[in-house]
Structure formats: C-alpha cells, structure tokens
Novice: 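Dropping a structure here in structure tokens format, bear with me for questions.
Hydrogens, waters and symmetry mates play no part in the numbers below; they use all other heavy atoms, side chains included.
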Amino acid sequence: MANPTDWLLALALAYERNTTQQPIPPSELFALLPAEAQQHLTSRQQEISAQDDATATAWLAQTLDGLRQQVRQRSPTLDERIHPSHVAAALRHEPLYIQRLLLASLPAAIGTAVARALRQSQIRLSMDDLAPVAPVLHAIRQRFLSQFVSADQIAPLTVFDELTEAELYRVAHAVGIAEVALASYDLPTTEAVTALLRRFAEAEARAIAEQIAALRIRPRPPAAARREFARQLVRTAMTAHKRDPELVTTLGWQVIMVALPAAGDANRLAFTFQKLPPKLVRRLQEWLDAPPATARPELQKQLFEDVSRWAQHHRNQSMPDLSGAAVALE
C-alpha cells in the first residue's frame, strides 16, 4: 500500500497533468501543510521525476487507483468510548505532520487527551482549508481508523458492548461482589462467613453479606458447578492477589474474562479492550490466555448471561451502589 506522502504527491501530479482544468502546482496545493510534510513531498517528487516517463506514469496510475479504492470504502468511525491511550499509541507510528492532521479530525475530548499523551497541541483545521487534499486525508483517516473496532463491526450489539470504561469498572466490581457471595454460599457457620468478610473493606463486606442472604432465601440453591467455579476462583484469588487493594474488582474482571469467549466474536473482545487502559488490558489478556478457574462451554455461556444481566441492570440506572440483592450471579 502506498504511504500518505505518495498519495499526496500523486494527487498533485494528477492535477498538474490534467489539461482540462487549471493546473495547481504542488507548492500551492500543499501550502497549508507543515514544512516537514512539504520536505517529504519535495524529496519524493525528485525521486519520481528521476524515473523515465513510463515508470512514473505507471507509478501514478497505481497510486491513484489505490487511493480511489480507499476513498470508495465505507468510512470507518471512531467509537467515542475508546481509551485515548490506544489512539495515541497508534499515532506514534505516523509522521509528525500526519499526526497533526489526524488529531485535527478527532472528536474534541479524545483529541485533547491524545494530544496531551503525544505532548502536542490539538490544532483545529477548517475542512474548507483542507478541501484541495480531501481525498488523501479521507484515505489516511480510513487507514488509521481501520486499526480500531467500530460498533457496526459487532453483530448484534449487546448491552455489555455499550458500556463505557467507567461503567465497565462498576460492572466488574458488582460482579466481584456477587462472586464472593456465591463462593460463600456453602460456608457451614456464621463464624466462617464472618472470617471471610474480614478480608474486605466494610462497605464491600456488607454488600457481600446482603448477597449471601439473598441467595440463601431462594427456593433453589445455585447450581453445584457454578458454586464450585466461584469457590475455585475466590480461593485462587485470595492466595495470588491477597495484597490487591481492589481484590473484589479483580475477581469481577476474572469472571468477565472467563465469560467473554462465550460471546463467540473476536471483535467484541477487541471492542471491550480498546475502551480500557493498556496496563489493565495486558492483565486481562493474561487471564484470557490462562483462566484462573476452569469453566466448560456451558458454564462460560451462563457466566456471560450473568455478566450481561449486571450490564443491563447498570444501563437501567438501577444498579445499587454495592448491594447486589436484585441481581445475584448464579
């Protein structure tokens, strides 16, 4: 695939060769671009001009054809729930002048955060000013956005997919509360439950106790396989992450990572990961590759349904602060 500099140069040369319209010299066409970009264009133009006419014409035709194909494709969109750090990481591989142009086209909130990460200012350019190079900029933007997953690439879009970063954290915390409660369901005595609850902050311990009470008054106990999974997960976490100040949320993320493969869509996983900071994504990927507790496909499916109910509960704005009496994981 041609690089952005080739696209820009090919567009300029095409204007020059078009005798039916008033030719626009490259120096005028790209006068709005930074000096660095103009230097790249001049250098590349000299390379093309040094070739024989047939070779240069073939290069021009091939490059313009590639540009047309890029422009004809449906333009991808950038999901505004994306974590800015992923956009900044992708932009770091682009030349500085391309970074500036792409920053100018990002939504204001994301653009400001990305510019800060790149230690740049987010310039705002008028689309009227950029009209002469609009086809090239459109193609560059398509190429860049294709690195991310957009909502229309997931079918069907679930309530879990609609969660923002902050909502994902809250759902993970609520799922963790419910998982500890389920793991405590079979504890034989009040003293054993009390000893377990002492491992958690007061508000979390209270929420777990409420969940345990809600589970025990149900006419049917949770399925044995589901209870065993919860016991295995919590037991492992209390050993491996005993100093983790956010142990409850960690447990929730682990449940979600075990559950997500049941959704059967790689795009859904990527769509979730791009909303979260890279450090957390690396941790989640480890649990995805090596699950902390074993779950058969039917149990994974049940877990995803449970997580989805928590997501729906939150989206309905009725999720309690910490108590999970209304939605207990089974």
Side-chain angles (χ1 to χ4, degrees), residues 74-90 105-114 141-142 144-179 207 246 248-285 287-288 295 299-330:
R74 184 175 62 174
S75 180
T77 58
L78 184 70
D79 189 89
E80 295 198 15
R81 289 162 289 201
I82 194 170
H83 197 279
S85 60
H86 297 292
V87 181
S105 69
L106 292 174
I110 296 178
T112 299
V114 173
R141 180 177 168 81
Q142 282 185 306
F144 176 71
L145 293 181
S146 66
Q147 299 177 69
F148 308 104
V149 179
S150 59
D152 60 3
Q153 291 176 263
I154 303 174
L157 197 69
T158 70
V159 66
F160 179 81
D161 301 318
E162 295 173 352
L163 297 175
T164 64
E165 177 192 1
E167 291 167 345
L168 280 166
Y169 275 100
R170 289 196 288 271
V171 168
H173 187 263
V175 169
I177 290 287
E179 200 68 15
E246 298 180 351
V248 165
T249 304
T250 293
L251 281 163
W253 283 123
Q254 289 181 339
V255 172
I256 292 171
M257 287 303 98
V258 175
L260 272 184
D265 189 343
N267 280 340
R268 177 166 283 113
L269 180 64
F271 190 68
T272 299
F273 277 3
Q274 72 184 21
K275 301 176 192 177
L276 302 169
K279 184 177 180 180
L280 175 58
V281 170
R282 288 192 293 271
R283 197 180 193 198
L284 297 183
Q285 186 65 56
W287 294 329
L288 190 70
L299 181 54
Q300 283 185 318
K301 182 178 179 181
Q302 181 185 351
L303 289 169
F304 186 70
E305 291 172 353
D306 292 338
V307 170
S308 296
R309 282 199 293 271
W310 274 108
Q312 184 65 63
H313 199 54
H314 177 79
R315 298 294 290 179
N316 289 343
Q317 299 182 342
S318 59
M319 178 179 286
D321 292 338
L322 286 172
S323 174
V327 183
L329 294 187
E330 299 178 357

Novice: Given Gln302 and Asp306, is the side-chain contact (heavy atoms from CB on, under 4.5 Å) satisfied, shown in steps?
Specialist: CA-CA 6 Å; Gln302 181 185 351; Asp306 292 338; 3.9 Å; yes
Novice: In Å and rounded to the nearest 0.5 Å, what is the OG1 to CD1 distance from Thr249 to Ile256?
Specialist: 9.5 Å
Novice: For Asp79 versus Ala151, what's the shortest heavy-atom pair and its separation?
Specialist: OD1-CB, 4.2 Å
Novice: Decide yes or no on side-chain contact (heavy atoms from CB on, under 4.5 Å) for Val149 and Phe273, but give the supporting numbers first.
Specialist: CA-CA 10 Å; Val149 179; Phe273 277 3; over 6 Å; no
Novice: Search all heavy atoms of Ala311 against all heavy atoms of Phe160 and return the closest pair with its distance.
Specialist: CB-CA, 4.0 Å
Novice: Output the distance between atom CG (Leu284) and atom OG1 (Thr272), rounded to the nearest 0.5 Å.
Specialist: 9.5 Å
Novice: Enumerate the salt bridge (charged side-chain N to carboxylate O under 4.0 Å, His left out) contacts for residues 268-284, please, sequence neighbours excluded, ordered by first and then second residue.
Specialist: Asp161-Arg268, Asp244-Arg283
Novice: Kindly write out the residues that satisfy side chain to side chain donor-acceptor pair (under 3.5 Å) with Ser85, not counting sequence neighbours, or none if the list is empty.
Specialist: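 With sequence neighbours excluded, Ser85 shows a side chain to side chain donor-acceptor pair (under 3.5 Å) to His83, given in chain and number order.
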Novice: Is the count of non-hydrogen atoms from other residues, nucleotides or ligands lying under 6.0 Å from Glu162 atom CD greater than 12?
Specialist: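 Buried by this count: over 12 neighbours within 6.0 Å.
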Novice: First locate atom CD of Gln274, then atom CG of Asn267, and finally report the distance between them rounded to the nearest 0.5 Å.
Specialist: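 These two atoms lie 9.5 Å from each other.
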Novice: How about Glu305 and Ser308: does a side-chain donor come under 3.5 Å of a side-chain acceptor?
Specialist: no
Novice: Using every non-hydrogen atom in the two residues, find where Ala295 and Val258 come nearest and quote the distance to one decimal.
Specialist: CB-CG1, 3.7 Å
Novice: Shortest non-hydrogen contact from Leu260 to Met257?
Specialist: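 Closest heavy-atom pair between Leu260 and Met257: CD1-CE, 3.6 Å.
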Novice: How many angstroms lie between CG in Leu168 and NE2 in His173, if you round to the nearest 0.5 Å?
Specialist: 14.5 Å
Novice: Work out which heavy atom in Leu78 is nearest to a heavy atom in Ile110; give both atom names and the distance.
Specialist: CD2-CD1, 4.2 Å
Novice: Might you point out which heavy atoms bring Phe148 and Gln153 nearest each other, and give the distance in Å?
Specialist: O-OE1, 3.5 Å
Novice: For the atom pair CD1 (Ile177) and CH2 (Trp310), what is the distance rounded to the nearest 0.5 Å?
Specialist: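 The distance works out to 8.5 Å.
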Novice: Just to verify, what does His86 make a side chain to side chain donor-acceptor pair (under 3.5 Å) with, not counting sequence neighbours?
Specialist: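 Expected list: none.
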Novice: Does Glu246, at its CD atom, have more than 12 non-hydrogen atoms belonging to other residues, nucleotides or ligands within less than 6.0 Å?
Specialist: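 No, CD of Glu246 has 12 or fewer neighbouring heavy atoms, counting only those of other groups under 6.0 Å.
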Novice: Taking C-beta and beyond as the side chain, do Val175 and Trp253 meet within less than 4.5 Å on heavy atoms?
Specialist: no
Novice: Taking C-beta and beyond as the side chain, do Pro261 and Leu269 meet within less than 4.5 Å on heavy atoms?
Specialist: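 In short, these two side chains do not touch, never coming nearer than 4.5 Å.
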